[in-house]
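The chains referred to below are lettered A, B, ... by the order of the sequence lines, with proteins before strands, and numbering in each begins at 1.
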Protein chains: 2
Amino acid sequence: MALLDTVVMRGLTVQGVLSPEDRALLLGLELNPRHISANEELWQERADADMFCVVKEGWAYSYRNLRNGSKQILKFYLPGDIIGMRDFGFTRRLSSAAMINQGVIYPFSYQQLFELFGRSSLAVGIMATAMRQQALLSERLIYLGQYAAHERLAHFLYEIYLRLKRIEAVEDNSFLMPLTQQLISDALGMSPVHVSRTFSMLREEGLVIRDRQHVKLPDPEALARLVEFNDSYIDELLPLTFAELLRASP
Amino acid sequence: MALLDTVVMRGLTVQGVLSPEDRALLLGLELNPRHISANEELWQERADADMFCVVKEGWAYSYRNLRNGSKQILKFYLPGDIIGMRDFGFTRRLSSAAMINQGVIYPFSYQQLFELFGRSSLAVGIMATAMRQQALLSERLIYLGQYAAHERLAHFLYEIYLRLKRIEAVEDNSFLMPLTQQLISDALGMSPVHVSRTFSMLREEGLVIRDRQHVKLPDPEALARLVEFNDSYIDELLPLTFAELLRASP
DNA sequence: CGAGGAGTTGAAGAATTTCAACAAAGGTGG
DNA sequence: CCACCTTTGTTGAAATTCTTCAACTCCTCG
């Protein structure tokens with residue numbers, strides 16, 4: 001309850017516009033938590049797409065297996081994120097999804113989403129959430145396309161840092177990152193070996209300290225400067241004008 | 001009129017569900033066409049975001065200028081595409097946008113979108129359109145991350161080919177592509193020099209014939225096989241189940 | 001204690017960038 | 001209509017980044 005009430009709700013809320021009725025509808029989604037074990041698949045590419053998942057605990061990721069045996073990770077999902085939005089609009093899954101560590105998710109069906117869409121304020125919130133997710137994707141496209149390995153990794157770590165901070169999972173600039181270097185290499189499009197070297201490089205520059213899953217960014221601002229980080233897209237709040245527009249429209 | 005009536009409408013329509021009223025609302029957007037000259041900017045990064053644009057004629061693109069002087073192109077917009085969806089959910093533009101050649105666009109405001117959101121079937125259609133756009137982005141992320149230069153270029157050309165075919169701008173496997181190699185290099189994250197070499201390579205293999213803006217793909221299927229193209233994401237029609245779900249929901 | 005997964009390091013090779021020079025095409029103004 | 005200038009594309013050679021292959025270490029878990 002606490003999760004949807006905070007993280008997801010915060011994402012969907014247009015300030016002061018969400019009615020108690022809307023809230024109830026949203027919390028009604030939280031009916032059947034499912035416990036998922038580490039490495040368990042949520043679905044495979046091409047499976048029928050008929051629902052979303054909200055992550056309550058644990059990390060997950062979506063990916064695509066390629067013919068040459070490599071795989072490309074599209075996105076890592078942290079607690080509070082919604083998995084499967086991308087497939088909305090298609091009959092089948094465009095990418096596979098799996099848990100990284102053990103966790104809990106809330107599945108909800110497209111049917112439930114349609115009910116939400118009946119109420120315009122929620123529709124706008126959901127739309128905005130989707131667009132924010134797309135913005136994250138664009139950002140990754142940019143640094144995959146234009147940056148060298150150490151910048152890509154730095155950007156990646158800083159993005160994770162910001163997203164974890166939003167859900168209060170960062171303490172003293174440290175956080176837990178349950179990813180292997182293999183997973184990171186699949187996400188950033190570089191070889192696992194080079195990920196290792198690049199971590200060493202960042203460590204020598206005093207930008208990243210890492211011991212297995214424990215990551216510390218001694219100077220996040222320095223990291224942000226290094227990667228020309230554009231943090232507007234991670235902003236959680238919808239613009240004020242949205243509320244005004246909603247009130248103005250029938 | 002013809003454009004929104006066909007291309008955009010087709011994207012938003014949930015089969016048999018769009019009411020005459022919805023249609024009228026949608027066509028009402030088409031009030032003020034704007035003529036834009038080649039290379040003219042639609043907006044810059046960080047400008048106030050308050051509207052979308054539907055492209056009627058010409059090509060456009062969105063991009064981000066980077067500190068090191070390079071730029072990353074996020075997407076090329078063809079006639080019928082909607083520019084600026086990504087910024088919905090933010091106060092300011094996340095990326096700049098500009099026309100490539102001379103063209104015509106239809107601007108419409110967020111305000112107008114909110115009115116559309118009042119009607120659930122349109123909301124779903126718009127959402128689905130947004131998700132399809134995101135799927136395209138994911139696809140590019142994949143090939144930027146995992147593929148070699150010649151595969152990236154091949155994939156890119158095949159994607160453009162499919163998108164142009166959808167709007168009936170392909171004849172005898174040939175189409176017009178008003179892009180310089182510089183633009184392509186910014187989109188694919190490679191150097192302009194290497195784009196040139198890679199075009200030569202594809203030409204020698206008989207996969208691509210190009211004379212300035214005229215591009216011909218003698219054997220599109222061979223190209224598709226080469227790049228492991230996943231064409232489900234370009235599919236225009238919404239799944240049938242959507243219509244059923246909509247009817248079922250109040 | 002042994003085995004396997006994860007991470008590190010070195011060296012060779014491949015892919016791609018950069019720099020530089022040149023060629024071809026297009027637009028502009030005389 | 002031509003000459004000129006700018007933009008676009010091509011080619012070569014050197015430099016750089018990154019990958020691959022392989023060996024080795026460390027840690028964890030059974």
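To the nearest angstrom, P of D/dT11 lies 14 Å from CZ of B/Phe199. For A/His214 and C/dA6, the NE2 to P distance is 17 Å, given to the nearest whole Å. Separating the CG atom of A/Asn101 from the C1' atom of C/dG5 is a distance of 17 Å, rounded to the nearest angstrom. Between the CG atom of B/Leu144 and the P atom of C/dA15 there is a distance of 18 Å, given to the nearest Å. Computed from coordinates, the B/Gln182 CD to D/dG9 C1' distance equals 11 Å when rounded to whole Å. A/Gln146 has its CD atom 16 Å from the P atom of D/dT17, to the nearest Å. Atom CG of A/Leu188 and atom C1' of D/dT17 are 16 Å apart (whole Å). Between the CG atom of A/Leu183 and the C1' atom of C/dG5 there is a distance of 13 Å, rounded to whole Å.
For C/dG5, the OP1/OP2 oxygens have no side-chain nitrogen or oxygen of A/Arg212 closer than 4.0 Å. The side chain of B/Gln181 places no N or O atom within less than 4.0 Å of a non-bridging phosphate oxygen (OP1 or OP2) of D/dT7.
Residue-to-nucleotide contacts include a donor-acceptor pair under 3.5 Å from the side chain of B/Arg197 to the base of C/dT18.
With 3.5 Å as the limit, one finds a donor-acceptor pair spanning the side chains of B/Glu40 and B/Ser37.
A salt bridge does not link B/Arg225 to B/Glu221: none of the charged side-chain nitrogens sits closer than 4.0 Å to a carboxylate oxygen.
Listed candidates were C/dA6, D/dG9, C/dT8. Nearest to the side chain of B/Ser196 is D/dG9. Relative to the side chain of A/Ser200, the nucleotides C/dT9, D/dT20, D/dT11 differ in distance, and C/dT9 lies closest. Of the listed nucleotides (C/dT17, D/dG9, C/dG7), D/dG9 has the atom at the smallest distance from the side chain of B/Thr180. With C/dT18, D/dT20, C/dT16 as the choices, the nucleotide that has an atom nearest any side-chain atom of A/Val193 turns out to be D/dT20.
If you run salt bridge (Lys or Arg N to Asp or Glu O under 4.0 Å) between A/Glu45 and each of A/Arg64, A/Arg92, A/Arg93, A/Arg86, only A/Arg64 comes through.
By the 6.0 Å and 45° rule, B/Arg210 stacks over the aromatic ring of B/Phe199.
A heavy-atom distance below 4.5 Å is found between the side chains of A/Met177 and A/Ile184.
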